[in-house]
Asks: 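Below is a structure I'd like to ask you about.
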Amino acid sequence: MHHFKYQNNELYCEAVKIRDIAKKFGTPLYIYSRRTLIDHYQKIKTAFRSINPLICFSVKANSNLAVLKLLVKQGAGLDVVSGGELYKALKVGVSPKKIVYAGVGKSEVEIAQAIRAETLFFNAESFAELGLIERVAGRLGKRVDVALRMNPDVDPHTHKFITTAKMTNKFGLDAKTCEEIFLRACIFSHLRLTGLHVHIGSQITDAQPFVRAIKKALVLIRRLKERKVLLKYLNIGGGLGIVYHDEKPQSAAEFARRVLPLLKKTGLKLILEPGRFIAGNSGIMLTKVVYLKKTPNKNFAIVDAGMNDLVRPSFYDAYHEILPVVRNTGYGRRNTEYDIVGPICESGDFLAKDRNLSVLQAEDLLAVMGAGAYGFTMSSNYNSRPRVAEVLVNKNKFSLVRKRETYADLIRLEIIPRKL
Ligand code: LLP
């Protein structure tokens, strides 16, 4: 499933000792495995090969240019949600015809940028947004493809913050409204409403909610066909869950087995937008124990990475496995329960709670597993902490793919007015 493995009690990424990477670049640090990224992309590609879909990696999961370039070289397209992501996508040389642009709040400027770049289509989420795309396209003298995002009103059984397909969520439009808009599409002279988009949430471990959502999409597609409205694209979004702890997610092959029969019937070009499935288990965040602190109730391991570096535990109460980079064999294999906490001035600053780990010492290196998706991309400068470096491992070699920020970077854009 991934290429972070122990050899003689020492954690490796592919053929590189994690400790060697830490020696060179320090900690905290994100480390990605090239092989794992490619393997996961290939798993989806192979599972769906009978219909040759466009697999658009969801840039929000991991937007490092080296990671994007690697996937684009494998044939991936990119799913972007902002002008910044579009900029990065174009920088890595992906064909604009492999870029899909989603998001509930695209600004006028962002819409113009995407139209100028000639991206494949927009996933649009409201009538007001269609109006704006229409106006901008008109101004630029272009006609653009748009997929309407349908909210299928299904419960994907995932964390409430990453559920997108219930009618209480801000995303998409209900099926009836979508149908009405498709039927009135002629009012938009600069849009071609050629696609339907359904993305139901993230970290979904079971195929059933996807099947329910796709079936609802098929009902709409059929109703439209009866009224002579023919679509070109069906975009089923991302959301495939991965193993962080004891989850038993469907494999890409199982997922394809469940949904392919439904999708084939449509004859439409399929678009997928996986993010976490490709990048999640391809990366770790490496951190170092700074202090150990025992209180009457708890053993704390205070590490050099905090919630600004990896926010998922604090934000979603997400579980990330913690592995020692060097397995402790010399302490009679004694184990202790630790809270792994960061240096940030917030009680919510933790990476793991009540973890049974072999006895730790200051300076020990810990790998926070499953940090390749929504890890670095959600990191911040909170507490004026420079964002950490990123490294990509390729077999027995490793390269820095993002430098550690410096203190000078922290103030680069700030201005002190002359008169205060
Ligand atoms: N397509 C759309 C329209 C999306 O909104 C998302 C994710 C994806 C694709 C990719 O989903 P994935 O395959 O990665 O599940 N920060 C959260 C996850 C937020 C997901 C947002 N949308 C986390 O750390 O769990």
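None of the values given here were measured: they were computed from a predicted structure. All values below come from the heavy atoms of this structure, side chains included, with hydrogens, waters and symmetry mates left out. Both counts, for ligands and for their atoms, begin at 1 and track the order of listing.
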Asks: Give the numbers and elements of all ligand 1 atoms closer than 4.0 Å to a heavy atom of Arg312.
Replies: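 Those of ligand 1 that fall under 4.0 Å from Arg312 are 23 (C), 24 (O), 25 (O).
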
Asks: Of the side chain and backbone of Asp79, name the one, both, or neither that has a heavy atom under 4.0 Å from an atom of ligand 1.
Replies: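 The side chain, only.
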
Asks: What part of Ser58 sits under 4.0 Å from ligand 1 if we count only heavy atoms: the side chain, the backbone, both or neither?
Replies: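 Near ligand 1, Ser58 shows its side chain, while the N, CA, C and O stay back.
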
Asks: Under 4.0 Å from a heavy atom of Pro274: which atoms of ligand 1 are those, numbered in the order shown and with their elements?
Replies: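 It comes down to these atoms of ligand 1: 13 (O).
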
Asks: May I ask you to check whether Tyr382 and Glu346 show a side-chain donor-acceptor distance below 3.5 Å?
Replies: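 Tyr382 vs Glu346: donor-acceptor pair found between side chains.
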
Asks: Give yes if a backbone or side-chain nitrogen or oxygen of Arg276 is under 3.5 Å from a nitrogen or oxygen of ligand 1, and no if not.
Replies: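 Indeed, backbone or side chain, Arg276 has an N or O that close.
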
Asks: Quiz question: by atom type and distance under 3.5 Å, do the side chains of Lys97 and Ser95 form a donor-acceptor pair?
Replies: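 Short answer, no.
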
Asks: Taking atom types as modelled and ignoring hydrogens, do the side chains of His197 and Glu273 form a donor-acceptor contact shorter than 3.5 angstrom?
Replies: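 There is such a pair between these side chains.
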
Asks: Ring centroid separation for Tyr233 and Phe121, is it under 6.0 angstrom?
Replies: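 So the answer is yes for these two rings.
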
Asks: How about Thr36 and His2: does a side-chain donor come under 3.5 Å of a side-chain acceptor?
Replies: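 No - no donor-acceptor pair under 3.5 Å links their side chains.
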
Asks: Would you mind running through ligand 1 and noting each atom that sits below 4.0 Å from a heavy atom of Glu273?
Replies: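 Listed by number with element, the hits are 1 (N), 2 (C), 3 (C), 8 (C), 9 (C), 10 (C), 13 (O).
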
Asks: Less than 3.5 Å apart, any donor N or O on the side chain of Thr205 or Glu247 sitting next to an acceptor on the other?
Replies: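 Their side chains do not contain a donor-acceptor pair, so the 3.5 Å distance test is not met.
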
Asks: Would the Phe300 and Tyr338 ring centres measure less than 6.0 Å apart?
Replies: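 No - the distance between ring centres of Phe300 and Tyr338 does not fall below the 6.0 Å cut-off.
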
Asks: Between ligand 1 and Gly239, is the shortest N or O to N or O distance under 3.5 Å?
Replies: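 Between Gly239 and ligand 1, an N or O pair is found under 3.5 Å apart.
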
Asks: Evaluate Arg149 for polar contact with ligand 1, using N/O atom pairs at a separation under 3.5 Å.
Replies: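 So ligand 1 has no N or O lying under 3.5 Å from an N or O of Arg149.
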
Asks: Please report whether ligand 1 has a polar contact with Ala102, defined as an N or O pair separated by less than 3.5 Å (distance criterion only).
Replies: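 No, no N or O pair falls under 3.5 Å.
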
Asks: I'd like to check Phe57 versus Gln74 (side-chain heavy atoms, cut-off strictly below 4.5 Å). Are they in contact?
Replies: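 No, every pair of side-chain atoms sits at 4.5 Å or beyond.
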
Asks: Any atoms of ligand 1 less than 4.0 Å from a non-hydrogen atom of Met378? List them with their elements.
Replies: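 In order of numbering, the contacting atoms are 16 (N), 24 (O).
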
Asks: Within ligand 1, which atoms have a heavy atom of Gly275 less than 4.0 Å away?
Replies: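 Listed by number with element, the hits are 12 (P), 13 (O), 14 (O).
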
Asks: With heavy atoms of Gly238 as the reference, note each atom of ligand 1 found under 4.0 Å away.
Replies: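 Those qualifying, in numeric order: 9 (C), 13 (O).
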
Asks: When rounded to the nearest 0.5 angstrom, what is the spacing between OH in Tyr244 and CG in Asn281?
Replies: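 Atom-to-atom, Tyr244:OH and Asn281:CG are 7.0 Å apart.
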
Asks: Just distances here: any N/O of Tyr316 and N/O of ligand 1 closer than 3.5 Å?
Replies: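 The answer is yes, given that Tyr316 and ligand 1 share an N or O pair closer than 3.5 Å.
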
Asks: By number and element, which atoms of ligand 1 are closer than 4.0 Å to a non-hydrogen atom of His197?
Replies: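 Contacts of ligand 1 toward His197, numbered from 1: 3 (C).
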
